[in-house]
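The first residue in the sequence is number 1, and the count goes up from there.
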Amino acid sequence: QVQLVESGGGLVQAGGSLRLSCTASGRAFSRYTMGWFRRAPGKEREFVAAFIWSGSNGYYADSVKGRFTISRDNAKNTVYLQMNSLKPEDTALYYCAAETGGILNGFEYPDEYDYWGQGTQVTVSS
């Protein structure tokens, strides 16, 4: 069982920045693919970014590419999402997720992930 705890959400004006953190329990974090997803009111959960366990770069949804950066610190069992140039349409509940058994179809699919955090709210005012 892996527990994920997100933090760092809040209220920010358009154009501002926030950094989300997600800390995982357990000792195998370095072998987890970690993802960030979000759910806006009235919308489906959508992929934001992922960091594959064996890679050195992040992967991003087109809507956040160039503005968001995913990174991880395996020594701290933590994955981060640095969000810059925030827009009102980025307002959502942000979740981190851990994939522990191997990606089958693609890291952008929520069903690939085995564990989820409780979410942290990000609100961007115009």
For a quick test of reading the model, state the closest non-hydrogen atom pair linking [X] to [Y] and the distance between them.
X	Y	value
Val2	Ala24	CG1-CB, 4.2 Å
Leu93	Gly119	CD1-C, 3.9 Å
Leu18	Val122	CD1-CG1, 3.9 Å

Are [X] and [Y] side-chain neighbours, meaning at least one heavy-atom pair lies under 4.5 Å?
X	Y	result
Phe29	Arg72	yes
Leu4	Met34	yes
Arg38	Ser63	yes
Asp114	Tyr32	no
Glu6	Trp36	yes
Lys87	Val124	no
Gln3	Thr23	no
Tyr115	Gln1	yes

Could you grab the distance from atom [atom1] of [X] to atom [atom2] of [Y], nearest 0.5 Å is fine?
X	Y	atom1	atom2	answer
Phe107	Ile52	CZ	CD1	5.0 Å
Gln13	Ser126	CD	OG	9.5 Å
Arg39	Glu46	CZ	CD	10.5 Å
Ile70	Asn57	CD1	CG	11.5 Å
Thr69	Met83	OG1	CE	11.0 Å

Quickly, which of Asp73, Asn74, Val79 forms a side-chain contact (heavy atoms from CB on, under 4.5 Å) with Lys76? Name it, please.
->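 Considering Asp73, Asn74, Val79, a side-chain contact (heavy atoms from CB on, under 4.5 Å) with Lys76 is found only for Asp73.
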Do [X] and [Y] belong together in a cluster built from hydrophobic side chains that touch within less than 4.5 Å?
X	Y	value
Leu20	Val48	yes
Phe68	Phe47	no
Tyr94	Tyr80	no

Ignoring hydrogens and angles, tell me if any N or O in the side chain of [X] forms a donor-acceptor pair with the backbone of [Y] under 3.5 Å.
X	Y	value
Asn77	Gly26	yes
Gln121	Gly9	no
Ser85	Arg67	no
Glu89	Thr91	no

For the residue pair Tyr113 and Phe37, does the interplanar ring angle fall in the parallel (under 30°), tilted (30 to 60°) or perpendicular (over 60°) class?
->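 Plane angle over 60°, so perpendicular.
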Relative to the ring of Trp116, is the ring of Tyr95 parallel (under 30°), tilted (30 to 60°) or perpendicular (over 60°)?
->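 It falls in the perpendicular class, over 60°.
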Basic-acidic side-chain contact under 4.0 Å: Asp62, Lys65 |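 The answer is yes: the pair qualifies as a salt bridge.
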